[in-house]
Enquirer: 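Right, I'll just put the structure down here and ask away after.
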Amino acid sequence: MIGAGGINLSSANSKLAGDNYQTVQAAGSTVTMKVIVTGTGGDVTKNSHIKKNIPRSSLNSQVIALAKKGTPMVTFGNGSGPRVMIVAGVHGNELPAQIAALRLINYLNGKSIRGTVYVVPFVVPSSTARNTRFWNGKNLNRVSNVAGTPTNKILNLEKQLKVNVLGDFHSTRPGGVPGKKSVFCSKAPTYESYNTASYISKKTGSALIAYKKAGTDYPGALEDATNLAKIPAVTCEVVSSHGIIASGSVTNSYNQMLALLKYKGVI
Ligand SMILES: [Zn+2]
């Protein structure tokens with residue numbers, strides 16, 4: 001039970017059908033989850049920092065069980081717009097956003113929303129489990145434009161689902177690049193990326209880092225590849241050393257996620 005208005009996702013009312021779980025809420029809105037990429041699965045609770053900080057709920061237990069089979073995605077809503085996708089764990093050792101995404105899943109569970117929210121809390125559960133940055137030696141935020149990679153599969157899914165905006169949530173080391181709480185965007189070819197980032201920046205005190213054109217510096221970044229596909233996208237960063245969870249970093253990441261949902265009028 002997740003507070004007032006929450007629902008109890010007991011095994012009695014959630015069904016496992018292959019890789020698809022579904023439960024129908026009393027209010028008529030739907031929570032579903034499924035594996036969207038295979039070959040990425042792992043037990044994220046093997047990462048002690050993740051295990052210690054998981055916001056407990058039966059829904060999150062189901063997400064973590066599903067992550068053993070591949071990249072899980074939890075959907076709130078029936079596909080109606082606005083459609084927002086929230087992604088965490090492109091870099092497996094950037095932990096705050098992955099915990100923030102689980103917190104968001106608990107928050108959205110049973111809540112009345114306008115539109116649809118797709119939450120991908122762990123892009124590569126096996127990397128998260130090992131607390132490692134790369135997938136098969138690859139930086140997944142450089143190969144979103146390469147067919148067959150997990151981030152490219154997410155890009156294709158965004159197109160298929162007609163996502164209206166993508167938020168990709170990361171963390172940055174103190175003294176790293178950018179080394180500060182921030183939100184990246186570009187003004188072309190998708191100016192709405194800049195509008196979205198401006199809003200998140202103001203709401204959360206995140207530095208606004210705006211590029212003139214998507215893809216000039218990081219063509220394979222998920223944000224850039226998404227903006228180049230004319231789907232508005234931003235990358236949000238909070239400060240935390242890799243492989244750990246700095247104090248306050250989960251809340252900072254979570255607030256960036258909420259700001260994105262508020263900007264689209266979902267909450
Ligand atoms: Zn990152």
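Order of appearance sets the numbers: ligands from 1, and atoms from 1 within every ligand. Keep in mind the model is a prediction, meaning the values are calculated, not measured.
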Enquirer: Which heavy-atom pair separates S240 from A246 by the least distance, and what is that distance?
Expert: OG-N, 2.9 Å
Enquirer: Among the N, O or S atoms of H170, which one sits nearest to the Zn ion (ligand 1)?
Expert: ND1
Enquirer: Can you confirm whether the side chains of N139 and H91 place a donor and an acceptor under 3.5 Å from each other?
Expert: yes
Enquirer: Nearest heavy-atom pair of L208 and C185: which atoms, and what distance?
Expert: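 Minimum heavy-atom separation between L208 and C185: CD1-SG, 4.0 Å.
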Enquirer: List the atom of N131, the atom of G243, and the distance in Å for their closest heavy-atom pair.
Expert: ND2-O, 3.0 Å
Enquirer: Closer than 2.8 Å to the Zn ion (ligand 1): does that hold for any N, O or S atom in E237?
Expert: no
Enquirer: Give, rounded to 10 degrees, the angle between OE1 (E94) and ND1 (H91) as seen from the Zn ion (ligand 1).
Expert: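 Once rounded, the angle between the two atoms at the Zn ion (ligand 1) is 110°.
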